[in-house]
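Let me begin by presenting the structure, written as structure tokens, before commenting on it.
Worth knowing before you read on, the calculation uses all heavy atoms, side chains too, and leaves out hydrogens, waters and symmetry mates. Letters A, B, ... are given to chains in the order of the sequence lines, protein chains preceding strands, and every chain is numbered from 1.
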There are 2 protein chains.
Amino acid sequence: MDVPASNRLADRMQRGDVFAPRCPSREVLKHVTSTWGVLILIGLRGGTLRFSELRRKVAGVSERMLAQTLQQLEGDGLLVRRSYPVVPPHVEYSLTPLGEEAAVRVEALTDWIEDRLPSLVKT
Amino acid sequence: MDVPASNRLADRMQRGDVFAPRCPSREVLKHVTSTWGVLILIGLRGGTLRFSELRRKVAGVSERMLAQTLQQLEGDGLLVRRSYPVVPPHVEYSLTPLGEEAAVRVEALTDWIEDRLPSLVKT
DNA sequence: ATCCATACTTACTCCGATGTATGTACTTAC
DNA sequence: GTAAGTACATACATCGGAGTAAGTATGGAT
């Protein structure tokens, strides 16, 4: 069968198509599937967390990567940052409804991997 | 509340826990969520494909990255490689049942991103 | 004789993802 | 006075993901 007209690159990019290298969806995908993006999304499913709480929950993140990844996900509209002008600083992060939807799907993948790990060939 | 004993690092790694930095599940996760890993898994959902067919379907991959990512996913038991001793070479790749399960979840995520792209803040 | 197609591998290179270390501003605790 | 906690920013170094180009082996087409 032939390729339908709606498969043209421009159309696919407007709809959102990860197969189109320059589609913005690739950016979001990159953020969401990044090492720390995955863990932050899942970590926040339990509810709102402060920066340092999240840092403890997502063991192994550096402050640098945590801050950076949080900004990316915030820019994508997947989480919100609320800061309170007190001292010491108090900043809270929580998923948006959109972020919750993304997190559910990411967690479905990681849960599956964790479950099936024994079936997967040893590295 | 305290951390239960089953949350000890060693236990979490045996079960498979992406939050444990040295758990093998992190390796699999890395392969599956890599730029080309994602696209290859989805690309193969349509059925068996040859190397060059896959290369055309997953637009933008270099031969180098395609070969390398295929080897990773094969090592994880997510796809199988069948080669026929003919000339010119003929090699087929297809998902294993395990790979199909993974691909479904990966595609659920990418489908969601494609759908919700308009809702996501512009970069 | 030369080119093309196939499925890679290898060498070289580049850039972005990530880690480390340090700084900041303020307060509480010792 | 000095250390610790908080939420970052910034500079520097590193490492691996990723692209490019070329090579390999073979046979058929031109």
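- A:E100 meets the salt bridge (Lys or Arg N to Asp or Glu O under 4.0 Å) test with A:R45; sequence neighbours excluded.
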Protein and nucleotides 10-16 of chain C: nitrogen or oxygen contacts under 3.5 angstrom:
residue : atom : partner : partner atom : Å
C:dA11  : N6   : B:R64   : NE           : 3.4

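- Checked against side chain to side chain contact (heavy atoms under 4.5 Å, CB included), A:D111 has the following partners two or more places apart in sequence or in another chain: A:E107, A:E114.
- For A:Q72, the side chain to side chain contact (heavy atoms under 4.5 Å, CB included) partners two or more places apart in sequence, or in a different chain, are A:H31, A:Q68, A:T69.
- Between B:R81 and B:E92, no side-chain nitrogen of the basic residue sits less than 4.0 Å from a carboxylate oxygen of the acidic one, so the salt-bridge criterion is not met.
- Contacts of A:Q71 with the nucleic acid, taken as non-hydrogen atoms under 4.0 Å apart, involve only primed sugar atoms and P, OP1 or OP2.
- Atom CG in B:L49 sits roughly 11 Å away from atom P in C:dA7 (whole-Å rounding).
- Nearest-nucleotide mapping onto DNA chain C: of B:E53 and A:S62, the residue sitting toward the 5' end is B:E53.
- Regarding contacts with the backbone of C:dT9, every side-chain N or O of B:Q68 stays at 4.0 angstrom or more from both OP1 and OP2.
- Nucleotide C:dC8 holds its P atom 11 Å from the CG atom of B:L54, rounded to whole Å.
- Of the two residues contacting DNA chain D, namely B:E63 and B:Q72, the nearest-nucleotide position lying further toward the 5' end is that of B:Q72.
- Linking ILVMFWY residues whenever their side-chain heavy atoms come closer than 4.5 Å, directly or via other members, leaves A:V104 and A:Y93 in distinct clusters.
- Nearest heavy-atom pair across A:G77 and A:L98 is O-CB, 3.9 Å.
- For the helix from C:dA1-D:dT30 to C:dC30-D:dG1, the end axes, each set by the C1' atoms of five terminal pairs, are bent relative to each other by 20° (nearest 10°).
- Under the side chain to side chain contact (heavy atoms under 4.5 Å, CB included) criterion, B:T35 pairs with A:R26, sequence neighbours left out.
- If you check residues 32-46 of chain B against DNA chain D, the residues with a heavy atom closer than 4.0 Å are B:T35, B:W36, listed by number.
- Evaluation of the side chain to side chain contact (heavy atoms under 4.5 Å, CB included) rule for A:V80 yields A:R82, A:S94, A:T96 as partners, not counting sequence neighbours.
- Taking all atoms of both residues into account, the shortest heavy-atom contact from B:C23 to A:L117 is SG-CD1, 4.1 Å.
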For this session: List the steps, then state whether side chain to side chain contact (heavy atoms under 4.5 Å, CB included) holds for A:L70 with A:W36.
Result: CA-CA 9 Å; A:L70 284 170; A:W36 304 122; over 6 Å; no
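- By the side-chain hydrogen bond (donor to acceptor under 3.5 Å, both in side chains) test, A:E53 pairs with no residue at all, sequence neighbours left out.
- Residue B:A102 comes nearest to B:L78 through the heavy atom pair CB-CD2, 4.3 Å, listed as atom of the first residue, atom of the second, then distance.
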For this session: Given side chain to side chain contact (heavy atoms under 4.5 Å, CB included), test B:L95 with B:L41 step by step and report yes or no.
Result: CA-CA 8 Å; B:L95 294 176; B:L41 286 175; 3.8 Å; yes
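- Residues that satisfy the salt bridge (Lys or Arg N to Asp or Glu O under 4.0 Å) test with B:K30, not counting sequence neighbours, are B:E27.
- Taking the six-membered ring where the residue is Trp, A:H90 and A:Y84 present perpendicular rings, their angle passing 60° and hence far from 30°.
- Taking a 4.0 Å limit (strictly below) on heavy-atom distances, residues 79-89 of chain B reaches DNA chain D at B:V87.
- Across every non-hydrogen atom of B:V61 and B:L66, the tightest pair is CG1-N, 3.7 Å.
- Look at CE on A:M65: it is 16 Å from C1' on C:dA21, rounded to the nearest Å.
- The nucleotide range of DNA chain D contacted by chain B, defined by atoms under 4.0 angstrom from heavy atoms of the protein and reported 5' to 3', is D:dA18 to D:dG27.
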